[in-house]
Amino acid sequence: MDKIQAEKRIMELKAVLWENSRRYYVENAPVISDFEYDHLMKELEALEAEWPEFLTPDSPTQRVGSDITRGFAQFPHKYPMLSLGNTYNISEIEEFADRASRTLGGGFTYCCELKFDGTAICLTYRHGMLYRALTRGDGVVGDDVTVNARQIPSIPQKLSGEGWPEEFEIRGEILMPYEAFDRLNAEREDTGEMPFANPRNAASGSLKLQDPAEVSHRGLICTLYHIPGDGLGAATHDEALRKAASWGLPVSDKRRLCKDIDGIEAFISEWDEARHALPFATDGIVIKINEIASQLALGYTSKFPRWAVAYKFKAEQALTRLLSISYQVGRTGAVTPVANLDPVQLAGTTVMRATLNNEDFIRELDIRIGDMLYVEKGGEIIPKITGVEESARESGTEIPPFPKVCPDCGTPLVKPEGEARWFCPNQDGCPSQIKGKLIHFCGRKAMDILAGDATVDQLFNLGLVRTPADFYDLKKYQLVSLEGWKDRAAERFLESLEASRKVTFDHVLFALGIRYVGETTAREIARHFGTVDAIAAAGKEQLLEVSDVGEVIAESVYQYFRDEEHLRDVERLRAAGLQLEMAAAEEPASDALQGKTIVVSGNFSISREAMKALIERHGGRPGGSVSGRTDYLLAGEKAGPEKLRKAAQLGVQVISEEEFYAMIPSERAQKEEEPVQLTLF
């Protein structure tokens, strides 16, 4: 793979992972399995390691998924809520144990626990009373769902016992038991609503309801498993959990202390069978170093604690017949084959469809219509095909030919060199691609318009919307005449359209859906050129001058603005009042950091986004990764060890938060107790 191919694949992987992170965390409607998502993430990590010049701060490998939602106040986490590194391979658990032994030299144990398949929650108690409940959010700030958390019976409003600190955090998972899940889906089907795909999505969606009374009817439960910080002064993780349990907190009792890898493997093996008898979903085992001092010694990466790892159970498998293959067209034009199956029970649900990935996948497995296929539910959510039972194959069958034309618009398909997938090149005329781009335009990180998949599908099918500019021509009388629309729904939609006119130019540029242009790249291009007209007039060489823009992105942006239809759409958006140039720069607070590139790592008294804004306000530039061009590494509490090592290696000066403030005129951002008002890029 050469440099251009690597850049192209990295951009594709980022786009796929960003989109599926949104579907998982925000919409609670994943379309790929955990296994497939993890596989794509590992591929991206490997490519970024081989081609570090394409590693950007907003890469999915550098950030946890975000569940931040409109309608909730956001507050910062005292300690970042990180993800866990995970594996499906027991040998990688053995490697984890070996690394810990080499680093710590012995004298530690492991605490093994169930990995609950729900939605993360962080509870803060003050003076023995529940003070605040935050979702994971983006790991730095979370949505305040305290009112809803108070409706969950297993979360105590007041602690019992004695000895609890004046204030502490405890984290865990909000779950929906199978019984409550089945009841909820039956109710939704009765009222014509789309049922939830699984209990995890149902739990997440329920926790974000605007009506607390409805939350109380959803049957949610809470289980807690981690106390960040000093662990309540306990010497071990297990001791801290036992203290929390003594105060009436719903700490999981499904855990065991293990001395070595043999004990860990025995615990995994035991629960791989026993989990099927549990009343709620669990998808693996979490292995943690038990001693708090050892945890601190091992530290963290930018996304994961080094002292914990998750082992995910292998997916359940079933054998069923392939009835036919249909083909779906995605937003980028990629055509994905889908297997239509003889219905089969798998992991508690009826499976009728499964992805076949691409033409090469079908040929590699030698899949034919009528074959008996092995189906798995990776992550127990989305089914996938893993093999063929050739002994059951009927004679005379052949591999079905892949379509030569788009199944949606009839355009001849193309297969770019080095690609595994076929694409429909009719990007501005293919209905599936158009709808995908409209959904992207409305997204929270783009224009933040209240229109999801179903709304876009309805408006498109009725001929009301074909391009993003068409949204701004819609009138209330048109909306209320449509099925499912009431006055308030139409008003809220139109209010969100009005608010989108104030969305900054960098977000508008991202919303246009130019291939390979992610949020960070859109921001860099917008800042570099200042106006959409300057971007449209730029040649490839000028585009390559922008930070984070390589050959693939430059070509994509250049070609986008050579298309007459795209230029007409931009003019209509201008007429609709959208921001197509950067606002006049805020008067700098000072030039104290003029020309300085500062990389931010760790936790501070304010959010990292606010810290980066401070750097810019005083003339500096926030950097994404430590390099020879970095002037300072601003290291907060639990700064990334890799960044610290790189800084030492390159001779980059490391400064603390207090040293940073000493470099600029006295200025502090808003206090922790105030809701964080920020735009997440």
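Residues R200 and G118 share a closest heavy-atom pair of CG-O, 3.3 Å. Looking at every heavy atom in both residues, Y327 comes nearest to P401 through OH-O, 3.9 Å. F510 and V517 get closest at one heavy-atom pair: CD1-O, 3.5 Å. The two residues P425 and L413 make their nearest non-hydrogen contact at CD-CA, 4.4 Å. Here the closest heavy-atom approach between residue G85 and residue F304 is recorded as N-CD2, 3.3 Å. Across I449 and F441, no two heavy atoms sit closer than the pair CD1-CE2, 3.8 Å.
Note that the CD1 atom of I268 and the CD1 atom of I285 stand 6.5 Å from one another [nearest 0.5 Å]. Atoms CG and CG, on L319 and D342 in that order, are 10.5 Å from each other to the nearest 0.5 Å. One distance of note links OH of Y560 with CG of L512; it measures 4.0 Å at 0.5 Å rounding. Rounded to the nearest 0.5 angstrom, E92 CD and R99 CZ are separated by 8.5 Å. Taken to the nearest 0.5 Å, the OH atom of Y311 stands 13.5 Å off from the CZ atom of F267. To the nearest 0.5 Å, atom CD1 of residue I174 and atom OG of residue S206 are 10.5 Å apart.
Side-chain contact of N340 with S324: a donor-acceptor pair under 3.5 Å is present, judged by distance alone. When only modelled atom types and interatomic distance are considered, N89 and T87 share no side-chain donor-acceptor pair under 3.5 Å. Donor-acceptor pairing under 3.5 Å is lacking for the side chains of Q433 and Q427. Of the N and O atoms on the side chains of S432 and D408, at least one donor lies less than 3.5 Å from an acceptor on the other residue.
Side-chain atoms of L40 and L44, non-hydrogen and from C-beta on, never get closer than 4.5 Å to each other. You'll find the side chain of E48 stays beyond 4.5 Å of the side chain of F54, heavy atoms only. The shortest side-chain heavy-atom distance between D428 and T467 does not fall under the 4.5 Å cut-off. I93 is listed as a side-chain neighbour of I287, based on a closest heavy-atom distance under 4.5 Å. By the 4.5 Å heavy-atom criterion applied to side chains, V388 and Y374 are not counted as neighbours. With a 4.5 Å cut-off on side-chain heavy atoms, P199 and P177 do not count as touching. Between V329 and C430 there is a side-chain heavy-atom pair separated by less than 4.5 Å. Using a 4.5 Å heavy-atom cutoff, the side chains of R421 and F423 are in contact.
Here the rule is side chain to side chain donor-acceptor pair (under 3.5 Å) with Y225, and of R171, E173, E113 only E173 fits it.
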Enumerate donor-acceptor pairs with a distance under 3.5 Å from any side-chain N or O in residues 254-263 to protein atoms, sequence neighbours excluded.
residue	atom	partner	partner atom	Å
R255	NE	D238	OD1	2.8
R255	NH1	S252	O	2.6
R255	NH2	D238	OD1	3.2
R256	NH1	E270	OE1	3.3
R256	NH2	E270	OE1	2.7
R256	NH2	E270	OE2	3.2
D260	OD1	D262	N	3.2
D260	OD1	G263	N	3.0

Side-chain atoms of residues 357-370: list all donor-acceptor pairs with protein atoms under 3.5 Å, sequence neighbours left out, distances to 0.1 Å.
residue	atom	partner	partner atom	Å
N358	OD1	D360	N	3.1
N358	OD1	F361	N	2.8
E359	OE1	W422	NE1	2.7
D366	OD1	R368	NE	3.1
D366	OD1	R368	NH2	3.3
D366	OD2	R368	NH2	3.3
D366	OD2	R393	NH1	3.0
R368	NH1	T397	O	2.6

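We find that K435 and D457 are joined by a salt bridge, their nearest charged nitrogen and carboxylate oxygen being less than 4.0 Å apart. With respect to the salt-bridge test (charged N to carboxylate O, under 4.0 angstrom), the residues E45 and K42 do not qualify.
Within the 3.5 Å criterion, the main-chain N or O of K115 finds a donor-acceptor partner in the side chain of T282. Of the possible polar contacts, one joining the Q458 side chain to the E483 backbone as a donor-acceptor pair under 3.5 Å is found. Judged purely by atom type and a 3.5 angstrom limit, E7 uses its side chain to pair as donor or acceptor with the backbone of G550. T320 places no side-chain N or O within donor-acceptor distance of the main-chain N or O of V344, the cut-off being under 3.5 Å.
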Quiz item: Is there a salt bridge (Lys or Arg N to Asp or Glu O under 4.0 Å) between E12 and R515 once you walk through the steps?
Solution: CA-CA 9 Å; E12 288 175 346; R515 197 170 187 190; 3.8 Å; yes

Exercise. Check the pair L341 / V351 against side chain to side chain contact (heavy atoms under 4.5 Å, CB included), numbers first and verdict last.
Key: CA-CA 8 Å; L341 306 167; V351 174; 4.1 Å; yes

Self-check item: Check against side chain to side chain contact (heavy atoms under 4.5 Å, CB included), R331 and I439
Solution: CA-CA 9 Å; R331 176 171 71 91; I439 291 166; over 6 Å; no

Exercise. Decide salt bridge (Lys or Arg N to Asp or Glu O under 4.0 Å) for E551 and K8; before the verdict, give the C-alpha distance in whole Å, the side-chain angles of both, and the deciding distance to 0.1 Å.
Key: CA-CA 9 Å; E551 293 282 350; K8 188 175 182 181; over 6 Å; no

Exercise. Step by step, work out the side chain to side chain contact (heavy atoms under 4.5 Å, CB included) result for L220 and L175.
Key: CA-CA 6 Å; L220 299 175; L175 305 170; over 6 Å; no

Practice problem: With side chain to side chain contact (heavy atoms under 4.5 Å, CB included) as the test, would you mind laying out the steps for V309 and N86 before giving the verdict? | Solution: CA-CA 6 Å; V309 67; N86 60 63; 5.9 Å; no

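Centroid-to-centroid, the aromatic rings of Y178 and F280 stay 6.0 Å apart or farther.
When the shell of 6.0 Å around CD of Q317 is examined, it contains more than 12 heavy atoms from other residues, nucleotides or ligands. In this structure, K415 places its NZ atom where more than 12 heavy-atom neighbours from other residues, nucleotides or ligands lie under 6.0 Å away.
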